[in-house]
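First comes the structure, then the notes that go with it.
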Amino acid sequence: MKSFPRRVFLLRVHRYFVDHLKNRSDSILRLWMDQCEYIVSQRIRRGQQMLSLYTKICAEEEIRELLGRLRRHVQRHAKGIMLSAVAFTFNWNDERITLESVREHFEEINFVEKLKESTLVCRKCFKRRIIDKKIDGIEYCVCTDAHKRCPSDWEPYLERQDLIIWRQMQPCGKFVYKVYGEYTDVSAQDFLHVQTDLEYRREWDSTAIALELIDTDTSPGSNSHVIYWEMLWPKLFANRDYVYNRRTFVDRKRQVIVIANRSTHHPRCPVKPPNQRVSDYWSYMVIKPSKSFKSTGLRFVLTYFDDPGIVIPPAVTSWVARKQMPEFLNRLHAATLKYAQMRHDEEVEALNRVYAHENLPDPGYEYPPDPEVATDDKPTSSSSSGGDRILEEVVDAQEEEEEASDSKNKSWWRFFHPYYYFA
């Protein structure tokens, strides 16, 4: 006689217990309620016994003081519970970064050009002033009192080969920093992707201990996200973490991209000891391509402020700013170059697969010419994941206009040309 299969036996046992629980659900719920009532009544009875005991041992004034402390303790915790319940939902209408709040930053590149002339050029000899060290290939001024005259409240702070940093004193005693940089070997589209792709940033940014997407605004065209970021600090300090709202704008008329960040509060991200929460933080990254969003060459301006919540000596603050900011931008530049190379390899591989599958002749180039990006009358916004899609839609629209206007493309001979399919 064959043995009963083990799997069938386990399945029948499981089905028996499930049916048994369904049939006995009412009795199980009744037993659970009786148990809860018993525990609550027992705690109340024990509290009465303790109160009676303290009444016999202590005086009346001491009992009142004890009850007052207990009442204040309960009220303090009840207030936190009520605030958590009120803030359970995140109000995007109040926390969303508006276009009006960032509109002035669309002209940030022009402002920095004027700032360079007013703060970095000597009024006597019209040569560059020395900020902290000389850069090869730049002729500096030798006037003795040139460094004493700075007509702007933005003070030149640091200069390296590809970037210049200014700072501005705030009423709280801390500084707002403005960073200007120029890269000739990366595109604005890749530069935007590297900064907004959280998964890729966790790979190239070693200071990002945690970087998570917490919430996304579902309003059409909002392109707003809430992000949690834990930043590594030296061993003598606690790590700083941020909860901030990020929104990305793409203005095709001005050919500029703005990434706005601002600290916020979110119920899914409570304070996590021993980290120090940075509650006052904001930044604006403005990216201006030299020609188009896909072609190499760009200029950028980063204006940011954060309050780490600790009083740090000015010498330490200066050392951190002079060391961390150039290192971060160098890592960002290297990560953009790496991402551009990976994207290049993937596109070439995709084209090779298409040629091999369709048996089409190789046209002799890896990429079609990069068309100029069309302009629009009013700025539009782009999300971290949809920036590339919007730029591609603009390029596709322009190509359709060119195809409709070109008399040669109206001929059916265009279907025999491989460029028609891969342009």
Side-chain angles (χ1 to χ4, degrees), residues 73 76-88 90 95 97 157-158 165 167-179 194-215 224-247 259-285 302-332 334-335 384:
H73 179 76
R76 183 166 59 250
H77 287 273
K79 183 178 179 180
I81 296 173
M82 292 176 61
L83 290 177
S84 300
V86 171
F88 184 76
F90 188 77
E95 298 296 333
I97 300 175
Y157 181 64
L158 178 66
I165 301 179
R167 66 179 184 178
Q168 185 186 63
M169 176 67 74
Q170 299 298 298
C172 62
K174 296 178 174 59
F175 289 96
V176 174
Y177 293 91
K178 189 180 294 292
V179 183
V194 170
Q195 294 186 77
T196 55
D197 190 340
L198 302 182
E199 183 177 356
Y200 183 55
R201 180 168 180 178
R202 286 193 293 265
E203 297 179 8
W204 63 265
D205 189 2
S206 59
T207 63
I209 302 299
L211 198 60
E212 302 173 3
L213 179 63
I214 302 301
D215 199 355
S224 298
H225 308 82
V226 175
I227 299 171
Y228 173 77
W229 172 33
E230 181 182 350
M231 182 180 181
L232 178 66
W233 269 52
K235 294 182 179 180
L236 298 179
F237 302 92
N239 290 342
R240 264 53 182 175
D241 60 357
Y242 302 75
V243 178
Y244 62 94
N245 184 4
R246 184 186 70 194
R247 189 175 183 183
I259 308 173
N261 298 321
R262 186 182 64 193
S263 59
T264 184
H265 299 278
H266 199 281
R268 300 180 190 173
C269 294
V271 178
K272 301 179 181 179
N275 294 341
Q276 176 69 35
R277 176 63 52 87
V278 177
S279 58
D280 191 1
Y281 161 73
W282 56 263
S283 70
Y284 297 93
M285 168 71 82
L302 172 62
T303 308
Y304 75 96
F305 170 83
D306 66 346
D307 185 358
I310 186 175
V311 179
I312 303 176
V316 178
T317 305
S318 299
W319 178 80
V320 172
R322 291 174 181 270
K323 184 176 184 298
Q324 294 295 330
M325 179 53 65
E327 288 185 357
F328 172 77
L329 292 176
N330 290 337
R331 293 195 302 268
L332 176 61
S384 60

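Computation of the quantities below employed the complete heavy-atom set of this structure, encompassing side-chain atoms and omitting hydrogens, waters and symmetry-equivalent molecules. Throughout, residue positions are numbered sequentially from 1 according to the sequence presented.
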Between Q195 and R246 the two heavy atoms that sit nearest each other are O-NH1, 4.1 Å
So CG of L211 and CD1 of I227: to nearest 0.5 Å the spacing works out to 6.5 Å
Output for pair (I214 CD1, H225 NE2), nearest 0.5 Å, gives 12.5 Å
Notebook entry, point to check: Should the pair W282 and Y284 be assigned to parallel (<30°), tilted (30 to 60°) or perpendicular (>60°) ring geometry?
Noted result: tilted
Exercise for the section: Decide whether T264 and N245 meet the rule of one side-chain donor and one side-chain acceptor closer than 3.5 Å. Expected result: no
F175 side chain reached by Q170 side chain, heavy atoms, under 4.5 Å: no
Fill in: Minimum side-chain heavy-atom gap D205-R331 below 4.5 Å
yes
- Task: Indicate yes or no: at least one non-hydrogen side-chain atom of F328 is less than 4.5 angstrom from one of T207.
- Result: no
Examine the side chains of Y242 and D306 and answer whether a donor and an acceptor come within less than 3.5 Å of each other.
yes
Nearest heavy-atom contact between W233 and A238 is CB-O, 3.6 Å
*Would you check if Y304 and N261 make a side-chain contact, meaning some heavy-atom pair closer than 4.5 Å?*
no
*Step by step, would you call L329 with V179 a side chain to side chain contact (heavy atoms under 4.5 Å, CB included)?*
CA-CA 10 Å; L329 292 176; V179 183; 3.6 Å; yes
Note to self: Taking D241 first and then K272, would you say they form a salt bridge - that is, a charged N and a carboxylate O separated by under 4.0 Å?
What the structure shows: no
If you apply the rule side chain to side chain contact (heavy atoms under 4.5 Å, CB included), what do you find for N239 with Q276, and how did you get there? CA-CA 6 Å; N239 290 342; Q276 176 69 35; over 6 Å; no
Rounding to 0.5 Å, atoms CG (L198) and CG (L213) come to a distance of 6.0 Å
Rounded to the nearest 0.5 Å, the OG atom of S263 sits from the CD atom of E95 at a distance of 9.5 Å
Could you tell me whether the side chain of R277 and the main chain of N275 form a donor-acceptor pair under 3.5 Å? no
Q. Is the charged tip of R201 near the ring of W229: under 6.0 Å from the six-membered ring centre and within 45° of its axis?
A. yes
Between the CD1 atom in I209 and the CE atom in M231, the distance rounded to the nearest 0.5 Å is 10.0 Å
(message) Is the distance between the ring centroids of Y244 and Y281 under 6.0 Å?
(response) yes
Evaluate the side-chain proximity of D307 to K174: yes if any heavy-atom separation is below 4.5 Å, no if none is. yes
On a heavy-atom basis, the closest approach of C172 and F305 is SG-CZ, 4.0 Å
In short, K178 meets T303 closest at the heavy-atom pair NZ-OG1, 2.8 Å
Geometric cation-pi criterion R167 and Y177, 6.0 Å radius, 45° cone:
no
Please determine, by modelled atom types, if D215 and H266 share a side-chain donor-acceptor pair under 3.5 angstrom. yes
